[in-house]
Amino acid sequence: MATENYKLLKKESLPALFDKLTASGKTIYAPVKNGEKTEFDVVTKYSNDINDEYIQTVQSLKGTVFPKVEKLFDYKSDKTDTSIQEPDFSKFPQNVLWGLHPCDAAAFRPLDATFRWDYDDKYFLTRMKLTTVVGLSCSKHDDYCFCTSVDISPASSDGSDIMLTKNKAGDYLVEIVTEKGQEVYDMAKELFGEISDDKESYITDVPKKFDLNELNKNLDGSFEAPYWLAQSMRCIGCGACAYVCPTCTCFDLQDEGAANKGSRIKCWDSCGFGHFTLHTSGHNPRETQSQRWRQRILHKFSYMPDRIKVFGCMGCGRCSRACPVDMNISENLIKIMEEPKNE
Amino acid sequence: MSNPNIYKPYLMKIDKVTEEAPFVKTFRLKFTNEEDAAKFNFKAGQFGEYSVAGEGESTFCVASSPTRDGYIECTFRETGRVTSALAGKEEGEIIGFRGPYGNTFPIDEWKGKNLLFIAGGIALPPMRCVIWNCLDLRENFKDFTIVYGAKTVNDLVYKHELKEWEERPDVKLITTVDPGGETPDWKGEIGFVPTVLEKAAPSADNTIAIVCGPPIMIKYTFPILEKLGFKDTDIFTTLENRMKCGFGKCGRCNVGKVYICKDGPVFTYAALKQLPAEY
């Protein structure tokens, strides 16, 4: 890949860059080492605990644009008068998401497509607009990773405003991808140097396990296929897969508080839960776990590309790592392509 | 940013409460904000999210006709948390409403046709909207037939309106109750809706059928309509699935790749035949 547009960001310049970002009012999320694990956390300064060689965190940064629990508005109500107080959208945080991998950066695309589909979700769109994504190429991967099977690569910059690739010296090759990225660069120009280097040699090689378009075609007419039941026999419907997924958008709307004062909230939900589609009458269109597993796979790999022109899986592997009964999504997707649709 | 907040409900004052049947009420709702009232419009078949502060939201079709200006009505049965809270509300109190959402009955395309409405139980409310809409444009249509049944005489909703339709010379109304649901002075039919429909045998010629009822009624009604010669493209129904948002984001109501909230709730029988069994 041509690299003449790359800048060099030396490791020793990182503290100054983080200080500048913090001073300009940004909230920085970065992958921070915590014992054996690395999870995203808010940082105000650069530190050596920030890990740029992690494979994957348990949680993505989806919650910064689509919070686990989002207060939509406060209400006050008595018998004949009710008032609604919306949040101050201008006070939503200006986030810099530092060091997330290409799968996570790409995951903002399907979120955006869902929250824009005919009706604009002001909460998500405001948060997204105020977010700068600093992606980080992967130097390592594990067996759960399958980004290359879903048309993403360990170095792809799709979804990132700035893309970092760590070189052997521990410095970063920096690619300015969008205007938002340019703004960060302009703010701290003096910290960046010139370079001509090849980023590909620092990037891990994630093997391709299946072909995405082939899978998509294969799912046509699969609604009654026997594999849904076979694959989900051990599913306990815990919803962990959805709660770690960077692209899952299913949510619930609830009221918290009393009749006279409280809030309406939007909170994460999961298509894996039995009550998710339960009617008041007791009828449930997705009564069994296999029907709910089918919904999960078809939604991401068939319905989303058909309706909003984007796939719902980034190959991050989180659902498979988190599953308490070891349901491995890529293994199941491969089986779907291999096994017959009709009994 | 000035774009509207899709989650924010209109505040509606309960203008009138009508007790329709045991546990079934109709609310007439008026906008508390005149600007909202002026901007609001909807079409027959659309639905909304009705909310009680502290309890949450619930989904029903708008039960009044768009030809009746200045208010909307909803009819609901007290069953869950939100509907129970709604049932406790009195005239003058405020509730929330978001909408309208979903597609509509293609009333304009029905000009010059006979209309046959078939409803069961608590499914008359979503159809009442389109019935009144068409009655207010009565000259556009030919024969006007309504077949409506409920479990018992007491469970029939809109009793005052049933009487009004019965007395109109330009409407043929057939009411029925399930066997055992009749009272000594019941003058209507006794039997299930599909059976009564088959006996009445309305002509399929130049006729649109609009069907709404519990799944079991729908299941037995469609084949009878086909037997009577109705084309599946001339049979309409409105579907329900659990919903939260009403605009294709919360992930509940889809039947395969079809979203009831966006692509429906109004479907032809022909379209239903293409859907997987997920409703």
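Chain identifiers are assigned alphabetically (A, B, ...) following the order of the sequence lines, protein sequences preceding nucleic acid strands; residue numbering begins at 1 within each chain. These numbers were taken from a predicted model, which means no experiment stands behind them.
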With chain B as the partner, which of A/Thr280, A/Leu298, A/Ile308 has the greatest number of non-hydrogen pairs under 4.5 Å?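 Highest number of pairs under 4.5 Å: A/Thr280.
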Best-contacting candidate, A/Phe276, A/Tyr123, A/Phe73, against chain B by heavy atom pairs under 4.5 angstrom: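 The option with the most such pairs is A/Phe276.
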Contact check, side chains of B/Val193 and B/Thr176, non-hydrogen atoms, under 4.5 Å: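 Sidechains of B/Thr176 and B/Val193: in contact.
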So do A/Leu212 and A/Asn216 actually touch side chain to side chain, heavy atoms under 4.5 Å?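 A/Asn216 does not reach A/Leu212 side chain to side chain.
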Is it the backbone or the side chain of [X] that comes under 4.5 Å from a heavy atom of chain B, or both, or neither?
X: A/Arg116; answer: backbone
X: A/Glu86; answer: side chain
X: A/Phe223; answer: side chain
X: A/Leu278; answer: both
X: A/Thr82; answer: both
X: A/Thr277; answer: both
X: A/Tyr119; answer: both

More than 12 heavy atoms from other groups under 6.0 Å of CZ on B/Arg77: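 Counting neighbours around CZ of B/Arg77, 12 or fewer heavy atoms of other residues, nucleotides or ligands fall under 6.0 Å, so no.
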Keeping the roles fixed (side chain from [X], backbone from [Y]), state whether a donor-acceptor pair exists under 3.5 Å.
X: A/Arg296; Y: A/Cys271; value: no
X: A/Arg286; Y: A/Trp293; value: no
X: A/Asp120; Y: A/Lys122; value: no
X: A/Gln289; Y: A/Ser232; value: no
X: A/Asp269; Y: B/Cys250; value: no
X: A/Asp121; Y: A/Phe115; value: no

Reference residue B/Asn254; test side chain to side chain donor-acceptor pair (under 3.5 Å); the match among A/His299, A/Arg307, A/Gln295: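 That would be A/Gln295; it is the only one of A/His299, A/Arg307, A/Gln295 passing the side chain to side chain donor-acceptor pair (under 3.5 Å) with B/Asn254.
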If every non-hydrogen atom of [X] is compared with every non-hydrogen atom of [Y], which pair is closest and at what distance?
X: B/Ile218; Y: B/Pro223; value: O-CD, 4.5 Å
X: B/Ala87; Y: B/Glu78; value: CB-OE1, 3.5 Å
X: B/Tyr279; Y: A/His283; value: O-NE2, 3.1 Å

Derivation of the salt bridge (Lys or Arg N to Asp or Glu O under 4.0 Å) call for A/Glu256 and A/Lys71: CA-CA 9 Å; A/Glu256 259 187 3; A/Lys71 191 197 275 188; over 6 Å; no
Under 4.5 Å, counting heavy-atom pairs only, tell me which of B/Glu57, B/Lys262, B/Lys244, B/Lys8 racks up the most with chain A.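 Most pairs with chain A among the choices: B/Lys262.
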Spell out the residues in residues 265-274 of chain B that have some non-hydrogen atom less than 4.5 Å away from a non-hydrogen atom of chain A, in order of number; otherwise answer 'none'.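 Heavy-atom contacts from residues 265-274 of chain B to chain A are absent.
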For chain A, which residues from residues 12-44 of chain B have at least one heavy atom closer than 4.5 Å to it?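 Near chain A, by residue number: none.
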Are B/Lys89 and B/Glu93 ion-paired here, with the side-chain N under 4.0 Å from a carboxylate O?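 Salt bridge present between B/Lys89 and B/Glu93.
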State whether A/Lys341 and A/Asp220 are salt-bridged, where the test is any N-O pair (Lys NZ or Arg NE/NH1/NH2 against Asp/Glu carboxylate O) under 4.0 Å.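 A salt bridge is absent here (no side-chain N lies under 4.0 Å from a carboxylate O).
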Judged by modelled atom types alone, do B/Glu49 and B/Thr59 share a side-chain donor-acceptor pair under 3.5 Å?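 Their side chains do contain a donor-acceptor pair, which is all the 3.5 Å distance test asks for.
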In terms of the angle between their ring planes, are B/Tyr259 and A/Trp117 parallel, tilted or perpendicular, with boundaries placed at 30° and 60°?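 Perpendicular.
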Can you classify the ring geometry of B/Tyr7 versus B/Phe247 as parallel (below 30°), tilted (30 to 60°) or perpendicular (above 60°)?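 Taking B/Phe247 first and then B/Tyr7, their aromatic rings stand perpendicular (interplane angle over 60°).
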Residues of residues 241-254 of chain A within contact distance of chain B, non-hydrogen under 4.5 Å: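 The residues closer than 4.5 Å to chain B, in numerical order, are A/Thr249, A/Cys250, A/Phe251, A/Asp252, A/Leu253.
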Which residues in residues 258-266 of chain A have any heavy atom closer than 4.5 Å to a heavy atom of chain B?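 Only A/Ala258, A/Ala259, A/Arg264, A/Lys266 of residues 258-266 of chain A have a heavy atom under 4.5 Å from chain B.
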Identify whether NZ of Lys or CZ of Arg in B/Arg128 sits under 6.0 Å from the centre of the six-membered ring of B/Tyr158 and within 45° of that ring's axis.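 So B/Arg128 does make the cation-pi contact.
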Are B/Tyr50 and B/Phe60 near enough that their ring centres are under 6.0 Å apart?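 Distance test on ring centres: under 6.0 Å, yes.
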At a 4.5 Å cut-off on heavy atoms, which part of B/Ile94 comes close to chain A: side chain, backbone, both, or neither?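 Contact with chain A: backbone and side chain both.
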